[in-house]
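Here's the structure we're looking at; comments come further down.
Chain letters run A, B, ... following the sequence lines, proteins first, then strands; residues in each count from 1. Everything numeric here is computed off the predicted structure, so don't read it as measured data.
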Amino acid sequence: MSRSGHDFAALVDAYAQDLYRYAHWLCRDVHIAEDLVQDTLLRAWKSFDKLQDVKAARAWLITTVRREHLRRFERFQPTTVDVDEMEYLPAVPTDDVAAADEIRTRLSSLPVADREALLLQAGYGYSLKEIAEIMDTTPAAVGNRVYRARQRLLQQDAESGRREVQA
Amino acid sequence: MNCFEARRALLTDPARLPSTVATHVEQCERCGRVASQIRTLDLRVADALNVDPPVGLTERLKLAGPRRPRWLAPSMAGMALAASVLVAAIVIGWPAPSTVAGADWAGSVVSHTEYDAAHELTANPAAPADFQHVIERLGGQVRAIPEGLTRAGYCILEGRAALHAVIERAGQRFVVYVMPGVSTAETHVDLRGWRGEIISGENVAIAVIGRDATDDIEPLMKSLAASVQWSGTVRAG
Ligand SMILES: [Zn+2]
């Protein structure tokens, strides 16, 4: 045995908060998010030798949170994808400021994959290529997703602006 | 470059615009407005991620994590060694010193260097931060970043986590390993064109090897030993 609880604590200190934010955004549930982070860090700890590159570790962890979330989600959901996402995502906690709520509500009206690609780009700063690896798709497909997502959000901004002017 | 192409690029990857697009956006008022709208939008999207992790998250995760070996008892705290000791000696959280013979360490150090050829990569500006991060994760403290450090990362040698770094001095490139929990006889390395030394203190070993004639690696060894401090609790049994 060559690993210790010490390594695990260091993993938690380095990555838990960042991973929690991502996990929470994926599942919208504080308990499930914590569970996802726990599973992911334990998995990382077990495959310690795969995490040689410090910089690659975060992308690896993000990918693992995402896979674990999908795995759980698939366990509970029929495989048809065209369900409106709002039906199965619990509501976002309401104690946040209104502006953040508004953008979250709008984000949640986007198709899942478009929204996730945009969050990984705008929120985490990953490149199209890195997002493609995380989401298991092509950079061109990621480009289309973020393009669509931004276009739609800007359109909603423009519409709500018009409504405010009319009111 | 026309406005249509510029909008496409702005909507697709606003933080990494090709220079032709960036120039257009600077010069075209309408595209400039769209660019600032998109930047604002991206900031709001990033904000949406900013939920506060629940109180006690990290503590709960650590408690529910893998069980700590029982010899990590805190009762032995405070028995830190004097900082001046060459290759200061005590490591937290590592099993008993390995009994693998020196010759095996030479073999595994050279094999790992050939397998994970970090020395062939260009210098990474994040090397000092990586060095710090890895040493701390291995249970040590960084006293100084070694001069000439160009890369640093994790590796596993003989099943143990170690620091794998590249240091350039006086035109020579050295591959360096800092291996906590390893104790070995002083070993001369001369294998497949790699030459160097492995030395160890009480509970940490340092290997330095190079491709070219490495006449005098002692100063490098010494500065490495001085750059990292291992402190904490003594293994209780
Ligand atoms: Zn234009």
Side-chain angles (χ1 to χ4, degrees), chain A residues 1-14 16-17 20-22 24-25 30 33-34 37-38 41-42 45-46 48-49 51-55 57 92-93 96 99-104 106-107 118-119 121-125 127-128 142-144 146-151 153-154 157, chain B residues 7-8 10-16 34 37-38 40-54 57-62 64-69 71-72 92-95 98 116 118 124 126 129-130 133-134 136-139 152-156 158-161 164 181 232:
Chain A
M1 108 121 233
S2 65
R3 293 176 296 241
S4 68
H6 177 75
D7 302 320
F8 186 75
L11 268 179
V12 169
D13 286 335
Q17 308 232 338
Y20 177 85
R21 290 193 178 92
Y22 183 68
H24 182 270
W25 171 77
V30 289
E34 199 164 322
V37 175
Q38 179 79 40
L41 289 173
L42 274 172
W45 180 80
K46 284 175 192 152
F48 194 62
D49 54 345
L51 295 173
Q52 291 182 19
D53 182 351
V54 178
K55 271 170 31 182
V92 175
D96 297 294
D101 270 355
E102 194 193 0
I103 188 72
R104 278 179 205 154
R106 286 189 189 164
L107 279 168
L118 180 63
L119 266 150
Q121 194 187 57
Y124 282 88
S127 69
L128 295 177
V142 175
N144 286 334
V146 292
Y147 175 92
R148 268 200 310 259
R150 285 198 179 87
Q151 207 175 31
L153 292 171
L154 287 175
D157 272 354
Chain B
R7 303 283 166 89
R8 171 106 220 160
L10 280 166
L11 288 163
T12 303
D13 202 353
R16 293 173 180 82
V34 173
Q37 275 175 355
I38 287 175
T40 309
L41 174 68
D42 278 14
L43 286 175
R44 285 159 60 209
V45 170
D47 265 0
L49 268 177
N50 265 339
V51 292
D52 289 328
L57 171 73
T58 56
E59 289 74 14
R60 280 194 300 279
L61 289 172
K62 285 175 192 174
R67 244 162 27 86
R68 286 173 149 243
W71 42 263
L72 276 176
I92 306 178
W94 291 92
S98 167
D116 185 359
N124 180 356
D130 290 348
H133 181 97
V134 174
E136 280 170 9
R137 244 182 85 179
L138 293 175
Y154 282 105
C155 69
I156 301 290
E158 301 287 335
R160 287 155 186 279
H164 177 168

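Interface remark: A/Q38 contributes backbone and side-chain atoms alike to the contact with chain B (heavy atom separation under 4.5 Å). There is no contact between A/A33 and chain B, counting heavy-atom distances below 4.5 Å.
Considering CD of A/Q151 and CG of B/L10, their distance stands at 12.5 Å, rounded to 0.5 Å. For the atom pair CG (A/N144) and CG (B/L11), the distance works out to 11.5 Å, reported to the nearest 0.5 Å. Note: B/T58 OG1 to A/Q17 CD = 6.5 Å, rounded to the nearest 0.5 Å. With rounding to the nearest 0.5 Å, the separation of CG in A/L128 from OG1 in B/T12 is 7.5 Å.
Residues A/I103 and B/L41 meet the side-chain proximity criterion, which asks for heavy atoms closer than 4.5 Å. Side-chain contact check for A/D157 versus B/R44: some heavy-atom pair is nearer than 4.5 Å.
The residue among A/A16, A/G123, A/A14, A/A122 with the most heavy atom pairs within less than 4.5 Å of chain B is A/A122. Comparing B/P54, B/A129, B/A46 by how many heavy-atom pairs each has under 4.5 Å with chain A, the most go to B/P54.
Nearest heavy-atom pair across A/R21 and B/P53 is NH2-CD, 3.7 Å. Minimum heavy-atom separation, A/R104 to B/D47: NH2-O, 3.9 Å. Looking at every heavy atom in both residues, B/D13 comes nearest to A/R150 through N-NH1, 4.5 Å.
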